[in-house]
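Below, all heavy atoms of this structure are taken into account, side chains as well, without hydrogens, waters or symmetry copies.
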Amino acid sequence: MMKEVRDKLREFNKERDWEQFHTPENLAKSIAIEAGELLECFQWSGKFDKSKVSEELADVLSYCIMLADELDVDPEDILLAKIEQNAEKYPVEKAKGSSRKYDEL
């Protein structure tokens with residue numbers, strides 16, 4: 001799935017000659033900007049428009065995939081590695097039902 005999305009993003013950006021703007025720094029900035037827009041969907045209440053949230057989430061994910069592509073890392077690989085790392089930091093017997101950070105468990 002990620003490869004298909006990555007390929008479509010590559011094609012979309014190539015057709016518009018936008019790759020020139022997609023430096024790691026610019027992509028990281030764009031992720032933060034779009035994440036702010038996603039957060040804005042929840043700014044004043046817990047109620048939200050699922051369509052708008054989905055649109056902003058898609059923007060965040062798109063930039064994340066483009067950054068991974070630019071850095072030549074596989075999103076699936078790095079996500080699985082991070083889940084494994086977190087499983088070690090947050091063992092079930094200590095972390096279940098707790099929102100404490102790993103160094104407070």
Report task. Could you grab the distance from atom OG of Ser99 to atom CD of Glu104, nearest 0.5 Å is fine? Result -> 9.0 Å

Report task. Look at atom CD of Glu84 and say whether more than 12 heavy atoms of other residues, nucleotides or ligands are closer to it than 6.0 Å. Result -> no

Query raised in the report: If you round to the nearest 0.5 Å, how far is CD1 of Ile83 from CD of Glu88?
Result: 13.0 Å

Query - Stepwise side chain to side chain contact (heavy atoms under 4.5 Å, CB included) check, Glu56 with Val60 - result: CA-CA 6 Å; Glu56 295 303 338; Val60 173; 5.7 Å; no

Report task. Tell me whether Ile33 is reachable from Leu27 by hopping between hydrophobic residues (I, L, V, M, F, W, Y) whose side-chain heavy atoms are closer than 4.5 Å. Result -> no

**Report entry** Residue pair Glu37 / Glu34, side-chain heavy-atom distance below 4.5 Å
**Finding:** yes

Requested in this report: Answer yes or no: is there a donor N or O on one side and an acceptor on the other, between the side chain of Asn26 and the main chain of His22, under 3.5 Å?
Outcome: no

Query raised in the report: For the side chain to side chain contact (heavy atoms under 4.5 Å, CB included) test, which of Ile78, Asp77, Asp72 pairs with Asp74?
Result: Asp77

Query raised in the report: Any chain of hydrophobic side-chain contacts (each under 4.5 Å) joining Val73 to Tyr63?
Result: yes

Query raised in the report: Does the Tyr90 side chain pair with the main chain of Tyr102, one donor and one acceptor, at a distance under 3.5 Å?
Result: yes

Report task. Calculate, to the nearest 0.5 Å, the distance between atoms CG and CD belonging to Leu105 and Glu93 respectively. Result -> 10.0 Å

Query - side chain to side chain contact (heavy atoms under 4.5 Å, CB included), paired with Met66, selected from Leu9, Val5, Ile31 - result: Leu9

Report task. Flag the pair Val53 / Phe42 as yes when at least one side-chain heavy-atom distance between them is below 4.5 Å, and no otherwise. Result -> yes

**Report entry** Residue Arg100 excluded, over 12 heavy atoms near CZ under 6.0 Å
**Finding:** no

Query raised in the report: Given the rule that I, L, V, M, F, W and Y join up when any side-chain heavy atoms are under 4.5 Å apart, are Trp18 and Leu71 in one cluster?
Result: no

Query raised in the report: side chain to side chain contact (heavy atoms under 4.5 Å, CB included) between Asp69 and Arg10: does it pass, once the steps are laid out?
Result: CA-CA 9 Å; Asp69 190 32; Arg10 282 179 180 173; 2.6 Å; yes

Report summary line: Output for pair (Lys52 NZ, Glu55 CD), nearest 0.5 Å, gives 4.5 Å

Query raised in the report: To the nearest 0.5 Å, what is the distance between SG (Cys64) and CE (Met2)?
Result: 9.0 Å

Query raised in the report: How many angstroms lie between atom CG of Leu38 and atom CD of Glu40, to the nearest 0.5 angstrom?
Result: 10.0 Å

Query - Cationic N near anionic O, under 4.0 Å, Asp103 to Lys89 - result: no

